[in-house]
2 protein chains.
Amino acid sequence: MVEHAQEALFRPVRAGNAFEETVERLMQSIRLGVVAPGERLPSERELATRLGVSRVTVREAIRSLQENDYVESRRGRYGGTFVNEVIPKPAPGKEFGDLHDVLTLRAVLETGAAEAAAGGSLGPAERRGLRARLEEASTSSLAEYRRKDSRLHLAIAEATGSASLTAAVAESRMRANELLDHIPLLEPNLAHSNAQHERIITSILDGDPATARQAMAEHLDGTASLLRGFLV
Amino acid sequence: MVEHAQEALFRPVRAGNAFEETVERLMQSIRLGVVAPGERLPSERELATRLGVSRVTVREAIRSLQENDYVESRRGRYGGTFVNEVIPKPAPGKEFGDLHDVLTLRAVLETGAAEAAAGGSLGPAERRGLRARLEEASTSSLAEYRRKDSRLHLAIAEATGSASLTAAVAESRMRANELLDHIPLLEPNLAHSNAQHERIITSILDGDPATARQAMAEHLDGTASLLRGFLV
DNA sequence: CTCCAAAGGTATGTCTACGAGCCATTGACG
DNA sequence: CGTCAATGGCTCGTAGACATACCTTTGGAG
């Protein structure tokens, strides 16, 4: 029997209760920029169906987001729950998990996604989407950079056509962002990052998996080094 | 708003109820060979703690495994729940999920794991473990090959030192195995597979990430082609 | 101006899962 | 040969999550 392997398989079956998990998901969709400020979340009934959770639980989760000013709800037809402009609490000051764990998984998933995206056949819509996200990220302000950056990286994962891979990247990015929220984001880094994004997307659109992978690896190494430096 | 990205983020928060999830985990530990036939599962109380689930739920899960002859329980000190030799139902005839989804995620995770394992610093215990799993797989019979193969691949993931990556590989392997259970496993494939394992492990032990990745990619391509052929 | 579809808001009974405790059994050790 | 620690077996009350149903608000369509 492999003692060590048990740790991976006999880990907790559920991350938290249904309420906490739901809050986490909605937070992800906001923090990763999937639903931008001013935009509307899906209706409570739709969320309940999509998330596989009762509407009561969805409402409790939304309520907790309201109390922290992340969203506002309006009644009536054409109402809904809307994302607010300001994100009040950038980081709840969480404990750093295993840094190596997060960075290793992120590197594996994202370099793999870049390679797979470049190796697959992209439709016109996906090509346009990638270019649009690249443009958004490169023209974004410092304040909203993290969100635009995440949207770009998520778009790359989506381009692989694997929903599981996309979900895994989203999850991994949330964990990485929790750490990144604790270190400064500087203009020079941002410019460098944009250049790297450019190279990654170009390689993907050109169908060059090897270059896409390498470019993504270099891109991730940058923040990985920063994190290792700041958080030691 | 990126419509497509919502599909990844607004997926169900929980795979099933606590009972089903627990059964699934215990099945994984048996099917992937983490707990071999004749060996004992952790005690009910320990499983309850590790899996973050009540002991009642653990017992219900174990009971359902008992009814399918996967395990037997003995009372008293030095008792416990033991894995049976024969696995009665190789495949419950499940529906094939998205083949592309499974194979893409598996390729990303496992090639990434091989590369990371080769790039990291391996302790003596881990090196011995890898060699032992390789030996086990190469000398195994056809009947137990799938299990020994999984243990080897899990050991590679463990060698990265990332628990999350190991867990992801385990999950991904279960999904892939469900598909592989529907296609024949032939002696020639097995010999070829063993040669590839040899090359993968050698590269990892030699600290050659590029070769490790490539060898793993070729290894996975084999079964991927088989699957695509058989399941179209 | 009226209607009504679609959204959020509320209430209730049911069922799952949990925690906590106790019982029954077993085999090694003194 | 008795003790006892650790295991599986069992019960019961509580809390979380559920499905379902209905109410209230809103603004565009007719």
Side-chain angles (χ1 to χ4, degrees), chain A residues 1 3 6 10-26 29-30 35 38-84, chain B residues 1 3 6 10-26 29-30 35 38-84:
Chain A
M1 176 156 58
E3 292 298 335
Q6 293 197 0
F10 294 147
R11 82 202 117 97
V13 292
R14 14 194 63 179
N17 54 36
F19 164 71
E20 288 168 351
E21 279 288 280
T22 305
V23 171
E24 190 62 25
R25 279 301 173 75
L26 298 180
S29 72
I30 296 172
V35 182
E39 290 186 336
R40 214 197 65 179
L41 289 173
S43 73
E44 294 178 352
R45 288 171 178 82
E46 186 180 345
L47 280 175
T49 306
R50 301 261 293 265
L51 298 177
V53 121
S54 79
R55 205 181 137 213
V56 179
T57 304
V58 170
R59 299 201 77 254
E60 282 168 352
I62 288 178
R63 174 175 242 233
S64 107
L65 291 183
Q66 286 170 345
E67 284 167 358
N68 289 76
D69 281 331
Y70 282 95
V71 298
E72 274 174 11
S73 293
R74 291 202 292 273
R75 294 177 68 164
R77 190 172 184 177
Y78 307 100
T81 300
F82 297 82
V83 177
N84 281 336
Chain B
M1 175 157 56
E3 292 299 335
Q6 292 196 0
F10 293 146
R11 83 203 115 98
V13 292
R14 13 195 64 178
N17 54 34
F19 164 71
E20 288 168 352
E21 278 288 279
T22 304
V23 171
E24 190 61 24
R25 279 300 174 77
L26 298 180
S29 72
I30 296 172
V35 182
E39 289 186 337
R40 214 197 68 179
L41 289 173
S43 74
E44 294 178 354
R45 286 170 178 82
E46 186 181 345
L47 281 175
T49 306
R50 301 261 292 267
L51 299 178
V53 122
S54 80
R55 207 184 132 211
V56 179
T57 304
V58 169
R59 300 200 78 253
E60 282 168 352
I62 287 178
R63 173 173 244 230
S64 107
L65 292 184
Q66 286 170 345
E67 284 167 358
N68 290 75
D69 280 330
Y70 282 96
V71 299
E72 275 175 9
S73 293
R74 292 202 290 274
R75 295 177 67 165
R77 191 171 186 177
Y78 308 99
T81 301
F82 297 82
V83 177
N84 282 337

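Every chain is numbered from 1, with letters handed out A, B, ... down the list of sequences.
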**Q.** Protein-nucleotide distance (A:E72, atom CD; D:dT25, atom P), rounded to Å
**A.** 19 Å
Q: Step through the shown structure and confirm whether more than 12 heavy atoms of other residues, nucleotides or ligands are within 6.0 Å of CD on A:Q66.
A: yes
(Q) Below 4.0 angstrom, which residues in residues 74-81 of chain A have at least one non-hydrogen atom near DNA chain D? (A) A:R75, A:G76, A:R77, A:Y78
(Q) Nearest 0.5 Å, please: how far is CG in A:L41 from CZ in B:F10? (A) 5.5 Å
Q: Within residues 58-65 of chain B, find the residues that approach DNA chain C with a heavy atom at under 4.0 Å, and present them sorted by residue number.
A: none
**Q.** For atom CZ of A:F19 and atom C1' of D:dG16, their distance in whole Å
**A.** 12 Å
Q.
Testing the basics here: between A:L51 and A:R25, what is the closest heavy-atom pair and its distance to 0.1 Å?
A. CD2-NH1, 4.1 Å
Q) Expressed in angstrom and rounded to an integer, what is the separation of B:E21 atom CD from D:dA17 atom P? A) 16 Å
Q.
Between P on D:dA5 and CZ on B:R45, what's the gap in Å once rounded to a whole number?
A. 14 Å
(Q) At a heavy-atom distance below 4.0 Å, which nucleotide of DNA chain C is the first touched by chain B, and which is the last? (A) C:dA17 to C:dA28
Q: Provide the closest heavy-atom pair for A:R40 versus A:S43 in the form atom of the first, atom of the second, distance.
A: NH2-N, 4.1 Å
Q. Is there a side-chain contact between B:L26 and B:L47 (heavy atoms, below 4.5 Å)?
A. yes
Q) What is the distance, rounded to the nearest whole Å, between atom CD of B:E46 and atom P of D:dG8? A) 10 Å
**Q.** Spacing of CG belonging to B:N84 relative to CD1 belonging to B:I30, to within rounding of 0.5 Å
**A.** 8.5 Å
Q. Taking for each residue the nucleotide of DNA chain D with the nearest heavy atom, is it A:G52 or B:V56 whose nucleotide lies nearer the 5' end?
A. B:V56
Q: Answer yes or no: does a side-chain N or O of A:T57 lie under 4.0 Å from OP1 or OP2 of D:dC18?
A: yes
**Q.** Interatomic distance, A:E44 CD vs D:dT25 P [rounded to whole Å]
**A.** 16 Å
Just distance, no hydrogens or angles: give the donor-acceptor pairs under 3.5 Å from side chains in residues 58-65 of chain A, sequence neighbours left out.
from: A:R59; atom 1: NE; to: A:E44; atom 2: OE1; distance (Å): 3.0
from: A:R59; atom 1: NE; to: A:E44; atom 2: OE2; distance (Å): 3.3
from: A:S64; atom 1: OG; to: A:A61; atom 2: O; distance (Å): 3.3

(Q) So, using side chain to side chain donor-acceptor pair (under 3.5 Å) as the criterion, who are the partners of B:T81 when residues are at least two apart? (A) B:S73
(Q) Please enumerate all residues that pass side chain to side chain contact (heavy atoms under 4.5 Å, CB included) together with A:S54, with sequence neighbours excluded. (A) A:V56, A:T57
